[in-house]
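We count ligands from 1, going down the list as the structure has it; atoms in each ligand are counted the same way. Keep in mind that the numbers below use all heavy atoms, side chains included, and drop hydrogens, waters and symmetry copies.
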Amino acid sequence: MEVIIRPDADSAAMLVARLVAARVRAKPDLVLGLATGRTMERVYDLLAAMELDFSGCRSFNLDEYIGVPAEDEHSYCHYMNKHLFGRINIKRSNTHVPDGMAPDLGAEAARYERLIREAEGIDLQLLGIGEDGHIGFNEPLSALMSRTRAKALTATTRQQNAAMFGGDADRVPARALTMGVGTILEARELLLLATGMAKAASLAKAVEGPITAMVSASALQLHPRCKVVLDRNAASALTQRDYYDWVFNNEPEWEGYRE
Ligand code: F6R
């Protein structure tokens with residue numbers, strides 16, 4: 001795992017967008033794993049402004065609320081169309097979001113896993129982190145080998161996402177279909193972005209704590225190619241910040257990304 005700390009949320013989002021852009025340019029048929037949420041909005045704004053060629057790319061989103069139709073403004077399908085797909089030249093038929101309205105959620109989860117396999121896996125998976133340490137909607141106690149399935153959301157997550165539902169946590173759906181931790185770990189590269197003080201505690205547990213199903217993001221420690229990009233606030237509870245900065249300032253891989 002590499003931890004990159006940028007001075008503010010904007011420069012952290014810029015670094016993530018530049019990394020995604022580099023991967024798309026290097027592999028025009030990149031298979032992208034995508035996340036939703038407020039943290040990613042800035043990344044998608046930046047990517048849209050870069051006028052990259054996504055015409056050969058395919059994408060798989062991490063999750064979708066159960067019981068929210070795709071056309072509903074609260075669905076993650078709607079979010080993706082608004083923040084990214086409607087602003088870039090990706091073919092809609094190449095984009096995938098789990099169907100939270102499927103009558104048989106188990107069959108939908110199996111279909112989603114099959115689609116990812118048929119695409120020969122995800123090259124680059126974008127991730128955010130929840131205040132309870134989730135990645136995707138893998139809430140505490142999600143098996144570290146879990147696959148796509150329905151999950152009940154924690155009170156913490158429903159509170160975190162309440163702003164999108166008029167500030168009312170009770171209006172946030174109770175369940176979501178989400179890629180499992182095991183599904184996420186199979187992506188060839190992982191890129192997590194976290195900004196703001198509200199993420200500092202869960203982020204520190206994920207990066208410097210023990211690997212535990214109580215903090216799904218701690219499973220990222222198992223992945224051989226995982227980058228965690230933070231602003232100073234999200235990094236504030238980490239104990240080894242000087243070392244992470246030293247690595248970023250000295251590894252040749254980061255030349256051109258430091259300014
Ligand atoms: C969203 C997702 C979640 C979010 C996380 C952070 O598709 O999978 O894990 O990435 O909850 O959300 P924000 O960015 O809104 O704080």
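- Only the side chain of Asp63 comes within contact range of ligand 1, with a heavy atom under 4.0 Å; no backbone atom does.
- Rounding to the nearest 0.5 Å gives a distance of 9.0 Å between CE of Met1 and CG of Leu222.
- Between the side chains of Thr239 and Glu208, at least one donor N or O lies within less than 3.5 Å of an accepting N or O.
- Ligand 1 has a nitrogen or oxygen under 3.5 angstrom from a nitrogen or oxygen of Thr39.
- Contact annotation for Ile129 and ligand 1: only backbone heavy atoms (N, CA, C, O) come within less than 4.0 Å of the ligand.
- Remark: aromatic rings of Phe165 and His74 are close, center separation under 6.0 Å.
- With 3.5 Å as the limit, one finds a donor-acceptor pair spanning the side chains of His134 and Glu139.
- For atom 10 (O) of ligand 1, the closest heavy atom belonging to the protein is Gly128 CA, 3.3 Å.
- Residue contact check for ligand 1: Gln160 places a non-hydrogen atom closer than 4.0 Å to it.
- With a heavy-atom cut-off of 4.0 Å, Leu62 touches ligand 1 through its side chain alone.
- Under the 4.5 Å side-chain criterion, counting only non-hydrogen atoms from C-beta, Val172 is in contact with Tyr65.
- Among protein heavy atoms, atom 9 (O) of ligand 1 sits closest to Gly136 O, 2.7 Å.
- Looking at Met40 next to ligand 1, no N or O pair under 3.5 Å apart turns up.
- Applying the salt bridge (Lys or Arg N to Asp or Glu O under 4.0 Å) rule to Glu113 yields the partners Arg147; only residues at least two apart in sequence or on another chain are considered.
- Residue nearest to atom 16 (O) of ligand 1, selected from Lys199, Met179, His134, Arg38: Lys199 (by heavy-atom distance).
- With 3.5 Å as the limit, one finds no donor-acceptor pair spanning the side chains of Thr183 and Arg149.
- The protein non-hydrogen atom at the shortest distance from atom 1 (C) of ligand 1 is Thr36 OG1, 3.0 Å.
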